[in-house]
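Start at 1 with the first residue, then count along the sequence.
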Amino acid sequence: MTARGLLTDDIRRDLNRLEDFTFRQHPRIHAEQERLGRLSKIVQNQIHQILSA
């Protein structure tokens, strides 16, 4: 079975909701804004690749 075969309508819908996901600064756990931006970009790219498969 391929990854495409595992992509149900529910999963596709969930990924579409996450397409604009970005990490935000936590009030008690500091992370550099650049790191948060780069991690957000990674997640967005992965979502895009999954949905376009």
Side-chain angles (χ1 to χ4, degrees):
M1 176 174 282
T2 64
R4 178 176 281 204
L6 297 173
L7 190 59
T8 65
D9 290 341
D10 288 338
I11 294 171
R12 185 177 296 280
R13 195 170 19 258
D14 289 343
L15 289 173
N16 277 319
R17 287 187 198 126
L18 287 173
E19 207 163 10
D20 294 326
F21 173 83
T22 56
F23 286 97
R24 293 180 293 157
Q25 195 63 253
H26 188 276
R28 291 180 295 188
I29 303 170
H30 178 73
E32 296 296 326
Q33 193 59 44
E34 181 180 349
R35 180 176 174 82
L36 296 176
R38 287 179 186 222
L39 290 171
S40 296
K41 197 63 141 170
I42 289 169
V43 171
Q44 291 168 2
N45 287 338
Q46 289 177 337
I47 290 171
H48 177 72
Q49 288 178 351
I50 292 168
L51 290 175
S52 63

(request) Please lay out, stage by stage, how Asn16 and Leu51 fare under the test side-chain contact (heavy atoms from CB on, under 4.5 Å). (result) CA-CA 8 Å; Asn16 277 319; Leu51 290 175; 3.3 Å; yes

(message) Is it true that, when you exclude Asp9 itself, more than 12 heavy atoms of the residues, nucleotides or ligands shown sit nearer than 6.0 Å to its CG?
(response) no

(request) Any chance you could measure Gln49, atom CD, to Ile47, atom CD1, to the nearest 0.5 Å? (result) 11.0 Å

(request) Show your working on side-chain contact (heavy atoms from CB on, under 4.5 Å) between Arg13 and Arg17 and close with a plain yes or no. (result) CA-CA 6 Å; Arg13 195 170 19 258; Arg17 287 187 198 126; 3.4 Å; yes

(message) Can you tell me how far apart OG1 (Thr22) and NZ (Lys41) are? Round to the nearest 0.5 Å.
(response) 11.5 Å

For residues 23-30, which side-chain N or O atoms pair as donor and acceptor with protein atoms under 3.5 Å away, sequence neighbours left out?
{"unit_1": "Gln25", "atom_1": "OE1", "unit_2": "Ala31", "atom_2": "N", "d": "2.8"}
{"unit_1": "Gln25", "atom_1": "NE2", "unit_2": "Ala31", "atom_2": "O", "d": "2.6"}
{"unit_1": "His26", "atom_1": "ND1", "unit_2": "Arg28", "atom_2": "N", "d": "3.0"}
{"unit_1": "His26", "atom_1": "ND1", "unit_2": "Ile29", "atom_2": "N", "d": "3.2"}

(request) Drop me the distance from Leu15's CG to Gln46's CD, to the nearest 0.5 angstrom. (result) 10.5 Å

(request) Could you check Ile50 against Ile11 for side-chain contact (heavy atoms from CB on, under 4.5 Å), going step by step and ending with a plain yes or no? (result) CA-CA 10 Å; Ile50 292 168; Ile11 294 171; 6.0 Å; no

